[in-house]
K.L.:
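Structure below; questions to follow.
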Amino acid sequence: MKIMKKFLFVLIMLLSGVTFASAQADIRFDKVIIDFGTIGTSNPVRTTSFTFTNTGDKPLVINQVAASCGCTIPKYDKKPIAPGQKGTISVKYNGKGARPGHIKKCITVRTNGKTEMTRLYIEGDIVEQ
């Protein structure tokens, strides 16, 4: 009888540990690419926002948001995002001094979620104006 009680206790502990371990935050973006279209050299600054949802069942924490160059500046709220809630990452692009042609900039987002890293992109075509 004692062996059966110990076995049941261990089994319950293992099952509750598996259930606890599977609970996790996760991030899902509405869009991962935003196209600015045509960007004139006379007005080269653009801003946009990427909207995301915490699709997990634990609070989502954004650990880092980094742009691929200094012309792109991301901003985000450092507070945890509750399960089911939405958040945004704002991005400002300044193409001052950029040569005409196609641009594509990367913003890397790192979280505590199941999806630990996501790459977002802004793109457009710089034209002489």
K.L.:
Do any side-chain atoms of residues 81-100 form donor-acceptor pairs under 3.5 angstrom with protein atoms, and if so which ones, sequence neighbours left out?
P.N.:
residue: Lys86; atom: NZ; partner: Thr53; partner atom: OG1; Å: 3.1
residue: Asn94; atom: OD1; partner: Lys96; partner atom: N; Å: 3.0

K.L.:
Do you know which two heavy atoms are closest between Ala25 and Leu60, and how far apart they sit?
P.N.:
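It is CB-CA, 3.7 Å.
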K.L.:
Side chains of residues 115-129: which donor-acceptor partners sit under 3.5 Å, not counting sequence neighbours?
P.N.:
residue: Thr115; atom: OG1; partner: Asp26; partner atom: OD1; Å: 2.9
residue: Glu123; atom: OE1; partner: His102; partner atom: NE2; Å: 3.0
residue: Asp125; atom: OD1; partner: His102; partner atom: ND1; Å: 2.9

K.L.:
Let me confirm one number: the OG1-CG distance from Thr111 to Asn63, rounded to the nearest 0.5 Å.
P.N.:
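Output value for this atom pair is 6.5 Å.
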K.L.:
What pairs meet the side-chain hydrogen bond (donor to acceptor under 3.5 Å, both in side chains) rule with one or both residues in residues 34-47, with sequence neighbours excluded?
P.N.:
none
K.L.:
Just distance, no hydrogens or angles: give the donor-acceptor pairs under 3.5 Å from side chains in residues 68-80, sequence neighbours left out.
P.N.:
residue: Ser68; atom: OG; partner: Cys106; partner atom: N; Å: 3.2
residue: Ser68; atom: OG; partner: Cys106; partner atom: O; Å: 3.4
residue: Asp77; atom: OD1; partner: Lys79; partner atom: N; Å: 3.3

K.L.:
Output all residues satisfying ring pair (Phe, Tyr, Trp, His ring centres under 6.0 Å) with Phe52, sequence neighbours left out; order by chain, then residue number.
P.N.:
Phe29
K.L.:
Measure the shortest side-chain to side-chain distance between Thr108 and Val65 over non-hydrogen atoms and say whether it is less than 4.5 angstrom.
P.N.:
no
K.L.:
Are Val32 and Ile62 linked, directly or through other ILVMFWY residues, by side chains that come within less than 4.5 angstrom of each other?
P.N.:
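The answer is yes; both residues are in one hydrophobic cluster.
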